[in-house]
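Here's the structure we're looking at; comments come further down.
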2 protein chains.
Amino acid sequence: MLSKKTRYAFRALSYLAENYGKGPILISDISVKKKIPLKFLENILNELKKVDLLESKKGKGGGYYLKVSPKKINLATVIRVINGPIALLPCVSLNFYERCEDCDEKHCGIRKIMTITRDATLKILEKKTLHDIIFASF
Amino acid sequence: MLSKKTRYAFRALSYLAENYGKGPILISDISVKKKIPLKFLENILNELKKVDLLESKKGKGGGYYLKVSPKKINLATVIRVINGPIALLPCVSLNFYERCEDCDEKHCGIRKIMTITRDATLKILEKKTLHDIIFASF
DNA sequence: ATAATATCCTACCAATTTGGTAGGGAAATT
DNA sequence: AATTTCCCTACCAAATTGGTAGGATATTAT
Ligand code: FES
Ligand code: FES
């Protein structure tokens with residue numbers, strides 16, 4: 001399951017997506033509107049900034065805003081940044097690969113099935129974007 | 001990601017599947033062959049027994065064995081028992097449903113996409129069985 | 001300048017989950 | 001009655017999760 005933090009990230013991002021092009025949005029504004037603990041949200045938005053999904057501005061008139069269009073930010077990217085691997089096993093992860101101890105990858109049946117599962121999941125999560133989140137909600 | 005415990009469960013089950021029909025297998029045998037900590041494995045097998053995937057026999061000649069054919073035990077079932085929900089959000093889980101606070105299910109775009117993802121995942125994990133694990137490994 | 005505004009950074013914290021271990025009890029077999 | 005094997009309860013350390021606190025830093029307005 002996705003962590004609470006990741007769910008917060010999606011809620012915050014969808015709010016920013018709804019306000020795309022309207023300039024910087026205050027953390028405190030997002031916090032109140034989306035009911036996310038302020039200081040926790042601060043941290044989340046900062047992480048999203050560090051991977052270039054968001055841009056920020058300090059001082060009066062400042063805040064956070066999407067760096068690119070909501071149509072260009074897919075869900076897989078967000079999950080990887082905040083939640084971590086999408087694959088069900090480390091030996092199957094594209095972005096967080098780790099070898100399985102005591103298991104031979106060449107002849108591992110579990111791995112093969114989890115690879116198929118990963119591909120099916122990614123096919124959806126890499127195609128769906130923040131834009132889809134907003135417009136799936138009407 | 002699946003827990004280490006779940007990976008142990010799959011390794012143990014695939015060993016039991018390979019030996020299906022050959023009578024009870026010792027925990028200690030599985031532990032050594034599949035390199036799983038003995039006491040931890042004890043616990044795992046017992047949980048699988050409680051949901052009727054395994055049967056056990058005590059005393060000499062005893063051990064654990066699959067209660068039904070490897071073709072009838074799918075991966076989704078195993079994951080749910082040992083790892084928990086398969087869906088990425090509680091509001092989308094079929095077997096572990098929980099309402100999302102501060103989120104209206106009717107108009108939630110995230111939920112809709114996660115439902116699609118869940119269905120794609122389940123389509124695979126409910127179809128693939130222990131038998132497939134064994135025969136995908138050759 | 002300097003005050004005000006707002007993000008950024010570091011450190012800490014409690015509760016829960018994960019990945020075990022220890023020790024003995026209960027049932028079946030010899 | 002001894003041996004074998006699973007079963008049950010309790011405990012434990014380390015990691016992760018979901019935060020909070022307090023101030024440093026950058027920008028803007030006066
Ligand atoms: S190689 Fe990763 S589970 Fe076998
Ligand atoms: S209802 Fe579960 S995320 Fe919106």
Side-chain angles (χ1 to χ4, degrees), chain A residues 1-12 16 23-32 34-67 79 81-85 89-90 96 98 100-102, chain B residues 1-12 16 23-32 34-67 79 81-85 89-90 96 98 100-102:
Chain A
M1 296 245 287
L2 300 176
S3 66
K4 213 166 172 180
K5 188 177 179 183
T6 308
R7 279 173 254 167
Y8 285 152
F10 277 128
R11 295 237 300 275
L16 290 175
I25 310 286
L26 291 177
I27 301 179
S28 56
D29 182 21
I30 306 174
S31 169
V32 169
K34 290 292 186 174
K35 293 186 184 168
I36 304 170
L38 180 67
K39 296 296 277 181
F40 198 32
L41 177 59
E42 246 180 61
N43 180 266
I44 294 168
L45 296 176
N46 212 244
E47 285 183 46
L48 292 169
K49 183 197 170 180
K50 281 177 182 163
V51 296
D52 281 329
L53 291 177
L54 299 182
E55 194 52 80
S56 70
K57 227 191 130 192
K58 287 181 181 175
K60 188 158 194 179
Y64 276 97
Y65 51 95
L66 292 186
K67 200 169 182 179
I79 290 175
V81 171
I82 305 295
N83 208 72
L89 293 176
F96 300 83
E98 274 179 70
C100 285
E101 35 178 353
D102 305 325
Chain B
M1 296 245 290
L2 299 176
S3 67
K4 213 166 171 180
K5 189 177 178 183
T6 308
R7 278 172 255 167
Y8 284 152
F10 277 127
R11 294 238 300 274
L16 291 174
I25 311 286
L26 292 176
I27 301 178
S28 57
D29 183 22
I30 306 174
S31 170
V32 170
K34 290 293 187 173
K35 293 186 185 169
I36 304 170
L38 180 68
K39 297 295 276 182
F40 198 32
L41 177 59
E42 248 180 60
N43 179 266
I44 294 168
L45 296 176
N46 213 243
E47 285 183 46
L48 292 169
K49 183 197 170 179
K50 281 177 182 162
V51 296
D52 280 329
L53 291 177
L54 298 182
E55 194 52 81
S56 69
K57 225 191 131 193
K58 287 181 181 173
K60 188 157 195 179
Y64 277 98
Y65 51 97
L66 293 185
K67 200 168 182 180
I79 291 174
V81 171
I82 305 295
N83 209 71
L89 293 176
F96 300 83
E98 274 179 70
C100 285
E101 37 179 350
D102 306 325

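In what follows, chains are A, B, ... by sequence order, proteins preceding strands, each numbered from 1. Here the structure is a predicted model, which means the values were calculated and not measured.
For dC8(D), the OP1/OP2 oxygens have a side-chain nitrogen or oxygen of Asn46(B) closer than 4.0 Å. Taking only side-chain nitrogens and oxygens, Tyr8(B) never comes nearer than 4.0 Å to OP1 or OP2 of dG19(C). A sub-4.0 Å separation between OP1 or OP2 of dG19(D) and a side-chain N or O of Lys5(A) is absent. Checking the phosphate oxygens (OP1, OP2) of dT7(C), no side-chain nitrogen or oxygen of Lys49(A) falls inside 4.0 Å. Taking only side-chain nitrogens and oxygens, Asn43(B) never comes nearer than 4.0 Å to OP1 or OP2 of dG20(C).
Out of dC6(D), dG20(C), dT7(C), the shortest distance to the side chain of Ile27(B) is found at dC6(D). With distances taken from any side-chain atom of Ser56(A) to the nucleotides dC8(D), dT7(C), dG20(C), the minimum falls on dT7(C).
One interatomic measurement links the two molecules: CG of Asp29(A) to C1' of dT7(C), which rounds to 15 Å at whole-angstrom precision. dC6(D) atom P lies 13 Å from atom CD of Glu55(B), rounded to whole Å. When the P atom of dT18(C) is taken as reference, atom CG of Leu2(B) falls 11 Å away, rounded to whole Å. Atom CZ of Arg7(A) is separated from atom P of dT17(D) by 12 Å (rounded to the nearest Å). Taking atom CZ on Phe40(A) and atom P on dT7(C), their separation rounds to 17 Å, with Å as the unit. Nucleotide dT17(D) holds its P atom 12 Å from the CD1 atom of Ile82(A), rounded to whole Å. Across the protein-nucleic acid pair, Glu47(A) atom CD and dT7(C) atom P stand 16 Å apart, rounded to whole Å. When rounded to the nearest whole Å, the span between CD1 of Ile44(A) and C1' of dC9(C) equals 16 Å.
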### Task
Test Leu45(B) against Ile30(B) for side-chain contact (heavy atoms from CB on, under 4.5 Å), laying out the working first.
CA-CA 10 Å; Leu45(B) 296 176; Ile30(B) 306 174; 4.0 Å; yes
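In this structure the side chain of Tyr8(A) never reaches within 4.5 angstrom of the side chain of Ile82(A), judged on heavy atoms. Between Leu54(A) and Leu16(A) the shortest side-chain heavy-atom distance falls below 4.5 Å.
A salt bridge between Lys39(A) and Glu42(A) is present, with a side-chain N of the basic residue lying under 4.0 Å from a carboxylate O of the acidic one. Salt-bridge formation is detected for the pair Lys5(B)/Glu47(B): a Lys NZ or Arg NE/NH1/NH2 atom is positioned less than 4.0 Å from an Asp or Glu carboxylate oxygen.
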Polar atoms only, N or O, under 3.5 Å: list the protein pairs with nucleotides 26-29 of chain D and their distances.
from	atom 1	to	atom 2	distance (Å)
dA26(D)	O4'	Lys58(A)	NZ	3.1
dT28(D)	OP1	Lys57(A)	NZ	3.3

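Residue Leu45(B) is out of contact with every strand shown, counting any heavy-atom pair closer than 4.0 Å. Lys39(A) comes within 4.0 angstrom of a base, heavy atoms only.
Of the possible donor and acceptor atoms, one in the side chain of Asn83(A) sits under 3.5 Å from a partner among the backbone N and O of Ser3(A). Of the possible polar contacts, none joining the Arg11(B) side chain to the Ile36(B) backbone as a donor-acceptor pair under 3.5 Å is found.
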